[in-house]
Amino acid sequence: MTPERVFDGALLRADLFKGARKRLFVSFRQRVGTAGSFEDVRPVRAFTARGYAHLHIQSLWNDWFVNAETTALEDALRGLAPRYRRAVAMGFSMGGYGALRFSAVLGLAQVIAIAPQVSVHPDEVPWDRRYRDESQGFDRQAGDLARHGHKGLEGALLCDPFVGADLAHARMAQTLFPKLRICRLPGGGHPPSRVLRQGGRLPDLQAQLVDGGIDAAEIIALHRASRRCSPSYFRHMQRYAKARRPALAERLAAMGQAAVPVVDKG
């Protein structure tokens, strides 16, 4: 399946699959370990097989899509969005921020944002030092979710409550987007979706966007059903328990060794 390149910049790129359809799914590249090149794009068939077009947006660097080409990308998206009667998005970490940041210009109705940031500017989030090296020069106005996001956006914010910074970001995001619901998925780490993937439940999460029935309680139930199959879950919970409950940490370690992923061993 060959995409249409709807924005082709030196810093940002957007590719569209099945663009003639009337419903649009948007994904955003998450933060990568080694930045500096664009990835090869493949359609997310959970959506294209169900009548959606798929738009994938990526940034050359881990800059949270805020750079010298952001305005030009918005102009391109502003021309594209009216084609679709419904648009939804999913994003992980930096990609979750992207979904919130471009929600207004894309006309998004719903989003599932998985451990997103609300900003990486040190004055905005002085308590989150994880991205300081990458946030040099981050433009606060261009990256301001209050200015650029769709306040009526509906959906879910997924986070591991034991990752304090992620929970703080989720609470701030909910203040900006009151119709988003926080789903606390303990033992997931950053981002917490690996537990769902290892439990074979990621398609069920995607299906909530496809059908438009995002249910926070159901997402939490999917996570709960996935935990017994997730070595990642037991590894994170062991780490959290180690300091204060060493006996529990030992039991969690043994349970993690016995856990067999349904899908993803990563």
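When hydrophobic side chains of Ile, Leu, Val, Met, Phe, Trp and Tyr are connected at separations under 4.5 Å, Val32 ends up as a singleton with no cluster partners.
Aromatic ring centres of Phe25 and Tyr52: separated by at least 6.0 Å. Between Trp64 and His121, the distance from one ring center to the other does not fall under 6.0 angstrom.
Open room surrounds CG on Asp133; 12 or fewer heavy atoms of other groups in view lie less than 6.0 Å from it. At most 12 heavy atoms of other shown residues, nucleotides or ligands fall within 6.0 angstrom of atom CZ in Arg244. In the displayed structure, Arg245 atom CZ is contacted under 6.0 Å by at most 12 heavy atoms of other residues, nucleotides or ligands. The number of heavy atoms from other shown groups lying within 6.0 Å of CZ (Arg45) does not exceed 12. Applying the 6.0 Å contact sphere to CZ of Arg83 captures more than 12 heavy atoms from other residues, nucleotides or ligands. The local environment of CD in Gln141 is sparse, with at most 12 non-hydrogen atoms from other residues, nucleotides or ligands closer than 6.0 Å. The environment of CZ in Arg228 is sparse: at most 12 heavy-atom neighbours from other residues, nucleotides or ligands sit within 6.0 Å.
Residues His190 and Asp166 bring a donor and an acceptor atom of their side chains to less than 3.5 Å of each other. In this model, a donor atom of one side chain and an acceptor atom of the other lie less than 3.5 Å apart for Ser230 and Gln198. Defined by atom type and a distance below 3.5 Å, a donor-acceptor pair is present between the side-chain atoms of Asp160 and Tyr240. Using a 3.5 Å distance cut-off with no hydrogens or angles, the side chains of Thr48 and His54 do not pair a donor with an acceptor.
By the 4.0 Å N-to-carboxylate-O rule, Arg101 lies close enough to Glu74 to be salt-bridged with it. Between Arg181 and Glu154 no salt bridge is recorded (no basic side-chain N to carboxylate O distance below 4.0 Å).
Put simply, the residue from Arg86, Gln208, Lys179 that forms a side chain to side chain donor-acceptor pair (under 3.5 Å) with Gln110 is Arg86. Results of the side chain to side chain contact (heavy atoms under 4.5 Å, CB included) test with Pro116 over Leu157, Val111, Leu180 single out Leu157 as the only residue that passes.
Judged by distance alone, the side chain of Arg50 and the main-chain N or O of Ala46 form a donor-acceptor pair under 3.5 Å. The closest donor-acceptor contact from the side chain of Tyr97 to the backbone of Phe65 lies at 3.5 Å or more, if one exists at all.
A pairwise comparison of heavy atoms in Leu158 and Leu196 identifies CD2-CD1, 4.4 Å as the closest pair.
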